[in-house]
Amino acid sequence: MKSLKQKIIQNLENSVSEREIDLLEKAFEFAEKSHSEQKRKSGEPFVNHPLRVALTISQMKLGINAVIASVLHDIVEDCEIPLSEIKSQFNDEVSFLVNGLTKVNQIKYKEDDTAEKENFRNMILAMAKDLRIILIKLVDRLDNMKTLWPLEPTKRRKKSLETLEILAPLAYRLGMSDIGAQLEDLAFPYVYEEEYKLTKKIIGKRSEELKNYLQELVPLVQKELKGNNLNPEKIQFRTKHLYSIWRKLQKEDMDIKRIYDLVAMRIIMPNLEGCYGALGIIHQMWKPVPGRFKDYIALPKPNGYQSLHTAVFAKNGKIVEIQIRTPQMDEEAEWGIAAHWIYGSQKDDKKYKKRKKFNPPKNFYWINQLREWQKKFYSSEEFLSSLKVDFFKDRIFVLTPKGDIIDLPDGATTIDFAYQIHTDVGNQAAGARVNNKLVSLDYKLQSGEIIEIITKKRKLPSSSWLEFVKMSETRKKIQDALKGKDSI
Ligand code: MN
């Protein structure tokens, strides 16, 4: 059997130089040495974990430095090895990625902060600055979730809740539904144990039976398509994942019979024309269920997902869900944003370029931006620099000393922050500490910083603040307070 290290090298072989392989091998040694005293809770050597993460990352074709950073990702945090050593032993980019991962891991999710989930996800994105950091983070969490069982129940639940509420939605947002679904199913039993058991019980043998039934339909579909000169590349089945079944059960009065897409047939056609052709044939074979046809090819989902979905009354009147897509769309559904780069780096992919232009809603603007960029990749250097994304060009996310996340416009100062906490805190601001260090009041805040405002009773704002504050809301509050002073 090939070792993890051999598999990683094999995945990279055609895309990297010998020198880069040497650097990777150096990283293997470095990680093995640094983690040599540590074991995972399961008893296996710790280093297997970063190697497994690196193996998945090596499949995503994100470049050698992302793979090396995956190998080293827990070293600064767990082995107290300074970042400067990573920088001198490897290179700036590896140390930048490891530093980003260490920082993202330091943001702690507070369970009781239900309203803050979206902010928290945004904060992770804002802190990451480079998409490779998020991708490594997601793969890291996936491996941790797979090896969660030896942990104490409270720790297990906490990790699982964070996975369910923060990381899985992040994966979906980046179009990586496969990783998102895996994360959800791994976390589900630890967060909602009873519901998990109930869902499994309700499903029972149903999805197995449905799969067997669909299997019988495959030759019928194949024959009809072939007879019309359409050649599917693959026909497979997609079983709906457990957590999404549970969510749907709640909407459908816990009635499993109303969930028609428990198992779906997935037809992979070589091109767009083939997809629509196959759809026509399927609708001729079996009557479509009204209202169930969705053209996500012409109108992709906000995260970029593309496919044709339909449901038909198949043999014996049973309702069957069918998905039709090209191999590219299939890969994108799995790898999401990462797949775009794989395709984007191939200049001659005409099929991809031919696809309809995608107009995402405003809050997904960065996906659109990435798509624009991926069209322009010609060299691997450009490709890599495009992974550095300022997710929120105009927003920053900072923390109060209690850990509450405050969302501010880029360029906001300590005074803007103070007025966001409370008008009185703003009016009485006398000084500020950022990450425990005293700063001047016109200090421009950066994502991830912890801000503490020092107040002085019966103090009034200074008109000089108007020269540096960023938000018009802050300016208005200062002016109101100053007017009040004049009228006294
Ligand atoms: Mn890790």
Side-chain angles (χ1 to χ4, degrees), residues 3-5 7-8 11 24 27-60 62 64-83 85-86 89-90 93-109 120-121 124-125 127-152 155-168 170-171 174 176 179-180 182-184 186-187 190 338:
S3 74
L4 283 165
K5 289 190 279 185
K7 284 186 194 160
I8 295 168
N11 280 342
L24 177 64
F28 289 155
E29 257 175 61
F30 197 86
E32 270 162 357
K33 212 176 101 209
S34 310
H35 290 301
S36 63
E37 303 289 304
Q38 296 167 291
K39 284 214 184 315
R40 298 279 280 180
K41 276 265 158 61
S42 61
E44 66 167 342
F46 187 92
V47 76
N48 288 1
H49 160 68
L51 290 179
R52 280 193 299 261
V53 174
L55 180 63
T56 306
I57 295 296
S58 70
Q59 292 165 343
M60 292 187 184
L62 299 171
I64 185 76
N65 289 327
V67 178
I68 293 177
S70 306
V71 174
L72 304 173
H73 81 266
D74 276 325
I75 277 183
V76 174
E77 213 176 346
D78 293 352
C79 309
E80 284 169 30
I81 286 168
L83 201 63
E85 194 168 337
I86 304 237
Q89 298 269 346
F90 297 92
E93 197 164 305
V94 168
S95 97
F96 163 78
L97 293 173
V98 173
N99 187 30
L101 278 156
T102 310
K103 269 194 188 157
V104 165
N105 282 343
Q106 278 163 353
I107 326 173
K108 295 278 177 266
Y109 177 55
F120 196 86
R121 289 192 282 266
I124 290 182
L125 288 175
M127 296 276 292
K129 300 254 186 237
D130 186 310
L131 209 79
R132 286 172 295 178
I133 293 167
I134 299 287
L135 298 176
I136 297 170
K137 170 78 190 169
L138 290 172
V139 174
D140 174 35
R141 178 54 60 94
L142 190 60
D143 191 65
N144 284 334
M145 290 304 295
K146 283 179 187 164
T147 50
L148 203 61
W149 55 270
L151 266 57
E152 311 96 78
K155 225 174 168 184
R156 235 163 31 190
R157 191 181 174 276
K158 200 167 178 258
K159 278 266 171 237
S160 298
L161 191 74
E162 189 187 78
T163 300
L164 216 48
E165 298 193 330
I166 305 298
L167 291 154
L170 257 184
L174 300 172
M176 309 176 89
I179 287 187
Q182 285 188 58
L183 287 172
E184 282 178 344
L186 288 163
Y190 296 123

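Both counts, for ligands and for their atoms, begin at 1 and track the order of listing.
Applying the side-chain hydrogen bond (donor to acceptor under 3.5 Å, both in side chains) rule to T147 yields the partners R40; only residues at least two apart in sequence or on another chain are considered. Scanning for side chain to side chain contact (heavy atoms under 4.5 Å, CB included) contacts around A54 gives I8, V67, S70, V71, with sequence neighbours left out. With sequence neighbours left out, the side-chain hydrogen bond (donor to acceptor under 3.5 Å, both in side chains) criterion links K159 to no other residue.
Remark: the D74 side chain and the H49 side chain contain an N/O donor-acceptor pair separated by less than 3.5 Å.
Considering every non-hydrogen atom in both S160 and L148, the closest pair reads OG-CD2, 3.3 Å.
Between T163 and the choices E184, R141, K158, the side-chain hydrogen bond (donor to acceptor under 3.5 Å, both in side chains) rule is met once, by R141.
Under 2.8 Å from the Mn ion (ligand 1), one finds the following protein N/O/S atoms: H49 NE2, H73 NE2, D74 OD2, D140 OD1.
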